[in-house]
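Could you have a look at this structure, given as structure tokens, before my questions?
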Amino acid sequence: MTNQQIDNLIIDDFPLDQDCAGDSFATDQDCAGDRFTFVISQERAGERFDKAVSDYLPGQSRSYIKKLIKDGNIKLLDSALQRAVKPSMPVCGGESVSVFLPVQMLPDILPEDIPLDILYEDDDVLVVNKPKDMVVHPAAGHYSGTLVNAVLFHCKGSLSGINGVLRPGIVHRIDKDTTGSIIVCKNDAAHRSIAQQLAEHSIVRRYRAIVLGNIREDEMTISQPIGRDPQDRKKMTVRPDGKNAVTHVRVLERFGNYTYVECRLETGRTHQIRVHMAWKRHPLLGDNVYGSRKKSPFNTSGQCLHAMILGFKHPVTGEYIETEAPLPDYFEKILRSLRSG
């Protein structure tokens, strides 16, 4: 794989981790700007298209939004096709919208003094234990309080620039509600090395999860392709024409109605563990997207999933580096409750 191919690579380990007033955003940023999609809520039915869109683009004037619509940078997603619309068109609610914001119109992403739980650091890479409820990088609706804002402050701006102005240093990411290890690259050479390892599936990624139900097998491998859910663009699903996805699962403890497992990723598709475990009818505890929408008896906020072990070859020395993020307090509390019966 050439350096140019790596620079243009969108690593599949980029789950959807943005939440904005209940609406779903999926981002795909390049050096020319920020691309994302969102779904117009039913409450906005009857509004003009430009007005409905403006609510999802804080800080942008209505005149500029009209220009984006007329230039074809804001479109409706109609099945697999994109179609342009007029600013005055009324919306019905439920429409999927594609937006491209040129880089000159993006807000400044500022360093913020947010404490980091650092698992490993040198001149080339940083491994951080991301807390629950933190978004990895800025996107529509989340331009502050992200991991990127924190590492910009910590690294004094010394980060790789391959993934553009909204993702400096970011080569992979985990969900907002998922905790644990994430690599940040301090220069472009390190970024290319880690990206190549991700593409080759040579990076070790072991997650801990609590799932619903009693898994009978001690170990199992789930090899099912994953793609966008045609019925709900906010979700992924197992589908024959999806991308190859492989998850290795090992049972650690059984608690009757719950099972504590380790999941090792061989590939890194969007929401892979969550989708695969739901497909096996063992959705993650607290996952109200792929599992039950009933409130968790443990008062969890989002899925009970933790990226514990992360292992990679150092981009300069070639030495194997492995970090371990301790289980967060909420996860330990649930395990204590389950063990006590």
Side-chain angles (χ1 to χ4, degrees), residues 10 14-30 32-107 109 133 135-146 164-167 175-177 226-237 239 241-242 270-271 274-275 287-290 293 302:
I10 299 175
F14 269 134
L16 312 182
D17 63 2
Q18 273 66 46
D19 293 314
C20 184
D23 299 293
S24 176
F25 293 82
T27 64
D28 177 12
Q29 190 228 339
D30 55 32
D34 189 25
R35 302 179 189 273
F36 60 93
T37 64
F38 62 86
V39 178
I40 297 176
S41 70
Q42 297 292 339
E43 288 76 11
R44 292 177 171 83
E47 290 185 357
R48 286 172 53 107
F49 183 65
D50 57 351
K51 171 62 168 63
V53 168
S54 69
D55 290 341
Y56 298 87
L57 299 171
Q60 308 295 348
S61 68
R62 286 281 292 279
S63 61
Y64 180 67
I65 289 172
K66 287 182 180 179
K67 182 178 186 304
L68 288 174
I69 295 172
K70 290 178 180 179
D71 291 345
N73 288 323
I74 300 181
K75 303 177 181 180
L76 279 180
L77 294 174
D78 187 6
S79 298
L81 303 176
Q82 291 188 347
R83 57 186 176 92
V85 295
K86 294 182 179 180
S88 60
M89 183 202 77
V91 301
C92 298
E95 296 96 334
S96 293
V97 179
S98 169
V99 177
F100 172 71
L101 286 179
V103 68
Q104 64 268 23
M105 294 305 298
L106 295 176
I109 307 304
D133 298 324
V135 172
V136 169
H137 65 79
H142 288 281
Y143 290 117
S144 65
T146 72
V165 295
L166 292 186
R167 295 178 183 169
D175 288 334
K176 171 176 173 282
D177 289 329
I226 291 176
R228 185 74 58 189
D229 188 332
Q231 305 302 320
D232 187 345
R233 291 185 55 82
K234 296 179 287 184
K235 298 171 62 176
M236 309 300 288
T237 190
R239 50 185 296 176
D241 60 346
T270 299
H271 292 176
R274 299 168 65 187
V275 171
D287 191 341
N288 59 11
V289 174
Y290 296 102
R293 293 185 178 274

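The structure displayed is predicted, hence computed values, not measured ones.
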| query | What distance do S54 atom OG and R48 atom CZ have between them, rounded to the nearest 0.5 Å? | reply |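 S54 OG to R48 CZ: 10.0 Å, rounded to 0.5 Å.
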Quick one: closest heavy-atom pair of V39 and G94, and the distance?
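Nearest pair, atom of V39 first, then G94: CG1-O, 3.8 Å.
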- Message: To the nearest 0.5 Å, what is the distance between CD1 on I226 and OG1 on T237?
- Response: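 Taking CD1 in I226 and OG1 in T237, the distance rounds to 8.5 Å.
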On a heavy-atom basis, the closest approach of I40 and V97 is CD1-CG2, 3.7 Å
Heavy-atom closest pair (M89 atom, L76 atom, distance to 0.1 Å) is CE-CD1, 3.8 Å
Report task. Would you confirm whether Y290, through its side chain, and K235, through its main-chain N or O, come within 3.5 Å as a donor-acceptor pair? Result ->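 Such a contact is absent between Y290 side chain and K235 backbone.
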Can you tell me if E95 uses its side chain to pair, donor with acceptor, with the backbone of G93 under 3.5 Å?
-> yes
Salt bridge (charged side-chain N to carboxylate O under 4.0 Å, His left out) filter on K70, not counting sequence neighbours, yields none
key: Nearest heavy-atom neighbours spanning K66 and D50   =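 Closest approach of K66 to D50: CE-OD2, 2.9 Å.
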Applying side chain to side chain contact (heavy atoms under 4.5 Å, CB included), run through L68 and F100 and close with a yes or a no. CA-CA 8 Å; L68 288 174; F100 172 71; over 6 Å; no
Self-check item: Trace of the side chain to side chain contact (heavy atoms under 4.5 Å, CB included) decision for V289 with H271
Solution: CA-CA 10 Å; V289 174; H271 292 176; 5.7 Å; no
Side-chain donor/acceptor of R239 to backbone N/O of R228, under 3.5 Å
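Pair found, side chain donor or acceptor close to backbone of R228.
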Of all heavy-atom pairs linking T146 and P138, the shortest is OG1-CD, 3.5 Å
Nearest heavy-atom contact between G46 and P90 is O-CB, 4.2 Å
